[in-house]
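Below, chains carry the letters A, B, ... as their sequence lines are ordered, and counting in each starts from 1.
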Amino acid sequence: MVAVARGGSGGIGPPRRGGFRGVVPPGRYSTTWRWAVLLVTAVYFLLPLWAALRFAGIGAFGSVISESGFTSSLALSVRLAAITTLVTIALMLPTAVYVHLRLPKLRRLLEGITILPLVIPPVVLIVGVLAIAPGFIKSTPLLLALEYVILAMPFAYRAIDAGLRALDLKTIVEAAGSLGAGWGSTLWRVLLPNLRTALLPATVLTVALVLGEFTMASLALYQTFPVWIYVNSQTSGQVSVAASLLALFVTWIVLLAITVLGSRQSRKTGGGEVTLFTVAPTETRGD
Amino acid sequence: MTTNTTRDAATTAAGTGPVRAGGGTSVLLRDLTRAFGVTRALDGLSIEMAPGELVALLGPSGCGKTTALRIVAGFEIADTGSVLVDGKDISSVPAARRDMGMVFQSYSLFPNMSAQDNVAFGLRMRKIGTGGRRKRAGDLLDMVGLGPQAGQYPHQLSGGQQQRVALARALAIEPRVLLLDEPLSALDAKVRLQLREQIRTLQQRLGTTTLFVTHDQEEALSIADRVGVMSNGKLEQLAAPDELYTSPASAFVAEFVGVMNRVPGELRGGGMVTALGSTMPVRGHIPDETPVDVLVRPEDLTMQVVEHGNGIVTTRTFLGSVTRVGVQLDGDVAVQVDRPSAESAALAPGASVSVSLPGQPVLVATRRVS
């Protein structure tokens, strides 16, 4: 029975000596394991959510929307997410394209630089910036958006980098050039659409990051959505828990929508599967 | 049907000498040099192309042929020298404004656009309206035989189809010059042959001046009006295919184009050389160094079956009307001799033969140290 599963449905052909030792064929064992792992993970993630839901009670969801500050803080967060995403793409895409085309040796270095925001604590970043930023920027949400661009850099750069590597960038750029396209047209009409599968995950991650960021916003004294939830939890715990649950569901739905839309588009053009971080290029037929 | 007419037209056209008159653009590459670090990719390259002419640049990898094409396209800048199109120096014109159609070695279609949109892209950049774009793109796709595939995306097309779309895309902008950078080398043999003929037919019909870069001599000889053989950044010879084969200007050209034997020879002074018992004049450059080899084509050697000759037949390859016979000569020299197949019955491996030179002027090269 086990032998049949190994040889047949295993998908790795007849059992070989040595070569595939250690690869567990998807037999009865692995099915059981898979479910066990899935169950444990599900409990780990869903239990707190269920607890939060019980604590808040269904009624709290109704009063969230009428709570003072809800709309304005949510609007601020959404606006920040939009600005951050646009600025991030506008900065990172040309940079990554330029480095790929003209300075391929610097790719490693750039990759290293983009990791820095992950290792430097946000507190350090925001305190530093607040100390030196000119007043006119401090008084607008732009300051926060620019900070978020830095935080989003590791995710955005990696996603764009993976997308560029899946393209024959040099040839495509030169082809566009020989047909009369300047840099603007090449970026807008050729590269951007072809990087859609890479930019979607970058956008999702950036949006998720901005909608959830607390430290910087609170230190810079902006009432973004997470800050509002925190402030509100001092007075009405149930409402703030309901608000964070709402935020979570909204984020999930956005994620799902982007993934589904992206996959549909990429199936049409053969651009590969949309997953967070990796873009697997689809092979072209031989001749 | 279309394929047949295409092939016939291409076969009759290919390899004929005179250049078609008509429209088209003249191109002049003047004394181009380009160095990458210490490597001199181009070392004083000059080529003059007549309007409507197809010139193939042929040479081993690293000879500078692609660099030359990329300088004409505007993707590389020459260190010195200039490119003139219809007499005007275009060295300072950016690639996007040179009006040159280019087909690349690797598949270069935009993956996000259908075949139709790919072909229409250059027209879009030229601000031509949707209707005009669609019509012209449709016409060009019909011309390369891909009308029914207009709505398909690159990943749904085979490699050969992709290169045909790329050709249509390059031609859609009515380029002044068509640049082909090894467009066939990623394709398999059969598709390569068909597309080669199609390129030639279209090029002749449209009269577009074309620069075609390849490392495949058969491709170059069959498609071009003139072939430029390059080595180490220099043009060794630029001539019609038959001239290149029958009167190569240098030992490099002689050996790069077609099959060439090397037979040890001895310089006699007064421009004469002795090899295989005959003495004959040396054509072209006489090397200063000795020892030398005489270069001779398989069909230019004569051979008789004799007892105790100067060679032994080792192999015999039937090539249709001729049979190529491998002969091991005295002194460990291997040559190939072409004989009419009808007269080759006695030339079985092991037969003793006498191989000689007919006494015509020959090319001579310094002997290789092996």
Side-chain angles (χ1 to χ4, degrees), chain A residues 93 97-98 100-102 104-105 162-200 261-274 279-287, chain B residues 70 72-76 94-114 117-128 152-163 166 169-170 172-173 175 177-179 181 186-192 194-195:
Chain A
L93 183 62
V97 168
Y98 189 81
H100 269 256
L101 280 179
R102 298 283 155 83
K105 281 181 193 153
L164 288 176
R165 262 182 287 172
L167 288 176
D168 186 350
L169 188 66
K170 184 165 169 258
T171 309
I172 283 186
V173 166
E174 287 182 352
S178 76
L179 292 166
W183 269 109
S185 301
T186 304
L187 272 175
W188 182 252
R189 292 199 189 282
V190 178
L191 292 181
L192 207 59
N194 281 308
L195 289 171
R196 194 194 303 237
T197 46
L199 288 173
L200 281 172
L261 283 177
S263 300
R264 191 173 301 161
Q265 170 69 22
S266 84
R267 254 198 303 281
K268 196 173 81 180
T269 59
E273 281 297 305
V274 173
V279 176
T282 321
E283 294 264 324
T284 15
R285 273 157 53 194
D287 74 330
Chain B
R70 292 174 59 79
V72 177
F75 299 137
E76 296 275 354
R97 276 192 267 132
R98 287 196 181 188
D99 272 336
M100 300 212 174
M102 180 142 171
V103 180
F104 297 81
Q105 176 175 5
S106 48
Y107 304 135
S108 62
L109 296 183
F110 308 131
N112 61 310
M113 296 179 202
S114 64
D117 290 343
N118 262 284
V119 177
F121 183 82
L123 305 172
R124 182 171 203 157
M125 291 301 111
R126 281 162 181 72
K127 310 257 186 289
I128 289 166
Q152 292 194 352
Y153 284 85
H155 77 283
Q156 297 168 311
L157 301 169
S158 70
Q161 289 173 328
Q162 287 190 49
Q163 287 303 67
R169 182 176 70 176
I173 58 171
V177 183
L178 182 62
L179 303 171
D181 184 12
L187 308 175
D188 68 32
K190 198 176 147 211
V191 180
R192 188 186 300 194
Q194 286 171 355
L195 187 52

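With rounding to the nearest 0.5 Å, the separation of CG in A/Leu101 from CG in A/Leu169 is 4.0 Å. Remark: B/Tyr153 OH to B/Leu109 CG distance equals 13.0 Å, nearest 0.5 Å. Atom CZ of B/Phe75 and atom CZ of B/Phe104 lie 4.5 Å apart (nearest 0.5 Å). To the nearest 0.5 Å, atoms CD1 (A/Ile172) and OG (B/Ser108) are separated by 8.0 Å. A distance of 13.5 Å separates CG of A/Leu191 from CZ of A/Arg196, quoted to the nearest 0.5 Å.
The candidate with the highest count of non-hydrogen atom pairs below 4.5 Å against chain A, out of B/Arg97, B/Arg169, B/Arg192, is B/Arg169.
For a residue to count as touching a neighbouring chain, one of its non-hydrogen atoms must lie under 4.5 Å from one of that chain's; by this rule B/Met100 touches chain A with the backbone only. If you measure heavy-atom distances from A/Leu167 to chain B, the contacts under 4.5 Å come from the side chain alone. If you measure heavy-atom distances from B/Arg126 to chain A, the contacts under 4.5 Å come from the side chain alone. Neither the backbone nor the side chain of B/Leu179 has a heavy atom closer than 4.5 Å to any heavy atom of chain A. Only the side chain of B/Arg70 comes within less than 4.5 Å of a heavy atom in chain A; its backbone stays farther off.
Inter-residue side-chain proximity for A/Leu187 and A/Leu192 is flagged as unmet; no heavy-atom pair is nearer than 4.5 Å. The side-chain heavy atoms of B/Phe121 and A/Val190, taken from C-beta on, include a pair separated by under 4.5 Å.
Atom CZ of A/Arg165 sits in a crowded spot, with more than 12 heavy atoms from other residues, nucleotides or ligands closer than 6.0 Å.
Close approach to chain B, defined as a heavy atom under 4.5 Å from one of its heavy atoms, is seen in A/Glu174, A/Ala175, A/Ala176, A/Gly177, A/Ser178, A/Leu179, A/Gly180, A/Ala181 of residues 174-182 of chain A, taken by number.
No side-chain N or O of B/Arg124 forms a donor-acceptor pair with one of A/Ser185 less than 3.5 Å apart.
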